[in-house]
Amino acid sequence: MSKLLVSPSPHIHSKDSTRSLMLDVVIALIPAAICSFVFYGWREVLLMAVSVASCVLLEWAVTRFMLKKPSTIGDFSAVITGMLLALNLPYTTPLWVVVTGAVVAIGVAKLTFGGIGQNIWNPALVGRVFLLVSFPTYMTTWGAPAGVVDAVSGPTPLGAIQEGLLSGASVQDLTAAYNYKDLLFANLGGSAGEACALALLAGFVYLCIRKVIKPWITLSIFATVALTALIFWGINPDRFTGPLFNLLTGGLILGACFMATDYVTSPMSLWGGVVFGVGIGFLTMMIRYFGSYPEGVSFAILIMNSVVPLLNMWFHQKKFGRK
Amino acid sequence: MSKHTFSIGGVHPHDSKISRECAIEQLPLPPSVYLQLSQHIGAPAKPIVAVGDKVKVGQPIAEPGGFVSAFIHSSVSGTVKSIAPRPDLAGNPQMCIEIAVEGDEWADGIDTSDTLVTDLPEDNKAIIEKIRLAGVVGLGGATFPTHVKLSPPPGSKCEMIIINGCECEPYLTSDFRVLLEKGEQVVVGAAILSKVMGGVPCTIAIEVNKPEAIAHINEVIARLGYAGISVMPMKMRYPQGSEKQLIDAVMHRQVGSGALPISVGAVVQNVGTALAVYDAVQKNKPLIDNVLSVTGECFPRQANIRFRVGTPISYIIDCLGGMPADAVKVISGGPMMGRAISNLDAATLKGTSAILFLTEKQTRRAPEGNCIRCGKCADACPMGLEPFLLIRHARLGNLEALEQNAVQDCIECGCCLYSCPARIPLLDHIRQAKGAVLGAIRARAAAAKAATEAAKPAPVIPSAVEESKK
Ligand code: SF4
Ligand code: SF4
């Protein structure tokens with residue numbers, strides 16, 4: 001008789017694999033990608049293609065030739081990094097800048113730490129922040145969506161408001177120029193991924209329904225941002241922007257739904273996640289109100305990424321039958 | 001329908017109960033049975049027959065080897081051929097009594113008729129003694145001697161008997177069939193158990209994927225008119241049938257680390273055990289047979305069969321048409337906690353609940369990847385442990401950190417490894433680490449005991465200490 005297979009229990013496994021989970025994230029990003037193609041046209045398609053291709057190729061080449069390990073590109077995590085990076089950049093970004101971002105994201109932020117699961121900071125965000133600091137001109141001149149406003153490039157809403165405040169105008173006058181329907185449906189300048197809040201939220205809901213992520217981190221970011229803005233705006237509406245405006249601008253939705261919820265760089269436990277989200281929300285608002293960069297989400301997430309090991313140490317799941 | 005379930009973790013594997021429609025069949029008698037002396041938790045039984053002796057069905061052939069131990073009875077009539085080591089399911093040698101079958105002659109006093117006996121005996125002590133003499137052990141997995149469970153230590157009080165009819169492991173259907181076909185006997189068994197524990201309420205917990213069983217048992221309880229016995233429909237969730245989880249689900253009480261169910265006033269018995277208790281008390285029939293499912297998608301002849309304890313597994317498989325060609329793994333028990341069999345000639349035990357065939361595709365474990373820190377293992381752990389953390393410490397051999405993170409509480413349910421998308425061999429390492437930590441805890445307790453003993457002025461007789469420890 002043929003030899004029987006003997007291995008320890010359990011003898012069956014769930015259908016989830018790293019690949020299937022990551023593929024779900026890719027699917028969740030598709031509405032936002034399509035939206036940005038619609039708004040920004042073929043240049044955005046090209047940007048996305050270059051970003052994804054460089055991330056995947058780089059991961060393949062580095063794991064294959066430098067680390068001499070089996071390639072991990074099959075798990076789709078590099079595709080996600082590429083998509084997120086592209087969605088974080090203005091559609092006018094020169095392609096060589098995109099490739100530089102990919103090198104930093106995959107080469108530095110992911111693979112030097114040991115690849116998927118080992119990195120401390122979200123690779124796409126590290127790439128983005130690197131570009132923001134190194135090439136501020138490309139990164140802060142955001143293209144307005146083709147055909148919506150007169151296709152001139154201009155500052156993002158948050159950027160415009162910070163500049164306006166410096167020149168002495170009041171927030172109320174400045175925000176009067178934006179209407180929330182435009183913000184929701186992406187009729188304003190910004191990075192591609194900020195373009196369509198509804199598409200991003202749809203992706204987030206998909207991930208929650210598929211149980212890929214749990215909603216707590218994202219919701220606590222939204223709640224904290226709204227609450228902090230409400231307090232400051234209540235105190236001085238001339239100096240500070242209001243809750244809804246802050247929720248809908250500056251890549252908050254993209255960051256809260258897709259970057260802060262990255263498994264590898266977020267806490268494991270429920271309460272760790274809530275503290276993480278509150279921290280991101282609060283830091284975002286502090287940077288926006290008082291910092292020198294108009295947008296704070298990326299920095300806030302990266303800062304909170306750094307304390308995840310501590311949060312994992314402090315917050316544990318409740319154990320059965322123990323105090 | 002219902003919301004009763006445990007509070008932490010758990011998974012929802014597909015229930016795959018493909019043998020649920022197969023009525024219980026009687027397996028023909030094998031040429032020989034092999035009765036393992038150690039088929040319960042505790043000390044192995046001691047043989048009380050010699051090679052060449054003639055034995056009848058239900059005659060005791062081995063007596064308990066300690067307080068936590070159980071009688072073993074001949075499951076067939078015939079001649080004792082040998083008392084010798086024989087490879088078990090995993091191929092490890094175990095002392096077995098081999099009996100060559102001759103006819104089917106039952107020992108005197110056993111009522112083999114189908115008549116239902118509903119009048120309960122008066123004397124509780126006598127009932128427990130009957131259960132002990134019949135060699136009844138828990139048939140839900142742990143095979144703990146039932147009479148020991150029914151004699152709670154002084155100071156503890158039972159408040160509820162829970163009859164475990166969850167059968168939460170995929171594929172298994174033997175408890176379901178017993179509930180449907182022997183529902184009356186199970187309910188009388190439950191009534192006996194509840195009477196023995198002082199007339200406490202008794203809850204029969206059945207998962208909602210067995211609506212026929214829920215309806216039938218409700219009807220039986222109403223017909224037989226026992227007060228204090230009720231059915232609780234449970235939400236489907238694995239590992240609901242695990243003792244601690246079931247008590248949490250039914251009574252909303254959590255048994256502490258290292259504590260027994262009785263510490264929160266609960267005694268849990270499985271459906272099969274309730275039937276065995278009925279047989280022992282009402283029919284004088286010792287535990288000599290049990291029902292198991294033979295199943296798996298690749299096995300054409302699904303079945304639930306009543307088998308005599310000690311029947312070789314290969315005999316059962318041959319009776320049902322032989323090994324399916326594409327099965328690569330044969331499991332004793334369910335796919336989550338069952339053990340892979342390496343030796344098909346091994347004999348069945350009192351507690352064998354299933355023979356499950358899995359194909360390469362069904363049981364394939366993808367190669368291990370990097371932990372992506374998704375936390376799914378921790379979400380799935382019904383004990384609230386953090387398997388990703390435990391495996392890290394286990395790989396470093398860090399026993400202290402393992403103990404701090406409660407590795408000893410692991411119930412080896414497999415939920416962590418089942419859910420891990422990166423197929424990290426979590427339970428494989430945790431199981432070993434748990435063994436090492438439990439060993440360390442025991443050594444510490446023994447050292448502490450020795451220290452207090454040494455500090456005591458009056459000398460104690462060592463053998464008496466040994467006895468009382470048992
Ligand atoms: S096997 Fe142990 S660690 Fe894994 S889920 Fe079950 S109780 Fe938790
Ligand atoms: S389920 Fe697997 S991949 Fe996820 S945290 Fe646990 S060990 Fe890591």
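Here is how names work: the chains are called A, B, and so on, in the same order as the sequence lines, proteins then strands, and each is numbered from 1.
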Please classify the contact between [X] and chain A as side chain, backbone, both or neither, with a heavy-atom cut-off of under 4.5 Å.
X: B:Arg431; value: side chain
X: B:Phe388; value: side chain
X: B:Lys376; value: side chain
X: B:Leu427; value: side chain
X: B:Leu356; value: neither
X: B:Ala422; value: both
X: B:Cys371; value: backbone

Flag side-chain contact, heavy atom, 4.5 Å: [X] against [Y]:
X: A:Ile12; Y: B:Pro170; value: yes
X: A:Arg322; Y: B:Asp409; value: yes
X: B:Arg423; Y: A:Thr18; value: no
X: A:Leu4; Y: B:Val328; value: no

Against chain A, work out which of [options] has the most heavy-atom pairs shorter than 4.5 Å and name it.
options: B:Val255, B:Ile331, B:Asn343, B:Val330; answer: B:Ile331
options: B:Gly334, B:Gly333, B:Gly338, B:Gly9; answer: B:Gly338
options: B:His12, B:Met337, B:Glu360; answer: B:Met337
options: B:Leu389, B:Asn405, B:Asp379; answer: B:Asp379

Looking at [Y], is its backbone amide N or carbonyl O close enough to the side chain of [X] to form a donor-acceptor pair, meaning the two atoms are under 3.5 Å apart?
X: B:Thr363; Y: A:His11; answer: yes
X: B:Ser342; Y: A:Val6; answer: no
X: A:Gln317; Y: B:Ala378; answer: yes
X: B:Arg373; Y: A:Tyr263; answer: no
X: A:Asp16; Y: B:Pro421; answer: no

If I take atom [atom1] from residue [X] and atom [atom2] from residue [Y], how far apart are they, to the nearest 0.5 angstrom?
X: A:Phe320; Y: B:Ser242; atom1: CZ; atom2: OG; result: 7.5 Å
X: B:Ser419; Y: A:Lys15; atom1: OG; atom2: NZ; result: 13.0 Å
X: B:Ile8; Y: A:Lys319; atom1: CD1; atom2: NZ; result: 10.0 Å

Checking side-chain polar atoms at under 3.5 Å, does A:Ser7 have a donor or acceptor matched by the opposite partner on B:Lys329? yes

Hey, are A:His13 and B:Arg365 close enough side-chain-wise for a donor-acceptor pair under 3.5 Å?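 Yes, side-chain donor-acceptor contact under 3.5 Å.
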
Under 4.5 Å heavy-atom distance to chain B, tell me which part of [X] shows up: side chain, backbone, both or neither.
X: A:Met22; answer: side chain
X: A:Lys211; answer: backbone
X: A:Leu21; answer: side chain
X: A:Asp262; answer: neither

With sequence neighbours left out, what residues match B:Glu169 under salt bridge (charged side-chain N to carboxylate O under 4.0 Å, His left out)? none

Set of side chain to side chain contact (heavy atoms under 4.5 Å, CB included) partners for A:Ile303, sequence neighbours left out: A:Leu283

Taking every non-hydrogen pair under 4.5 Å, which of A:Ser9, A:Gly321, A:Pro8 racks up the most with chain B? A:Ser9

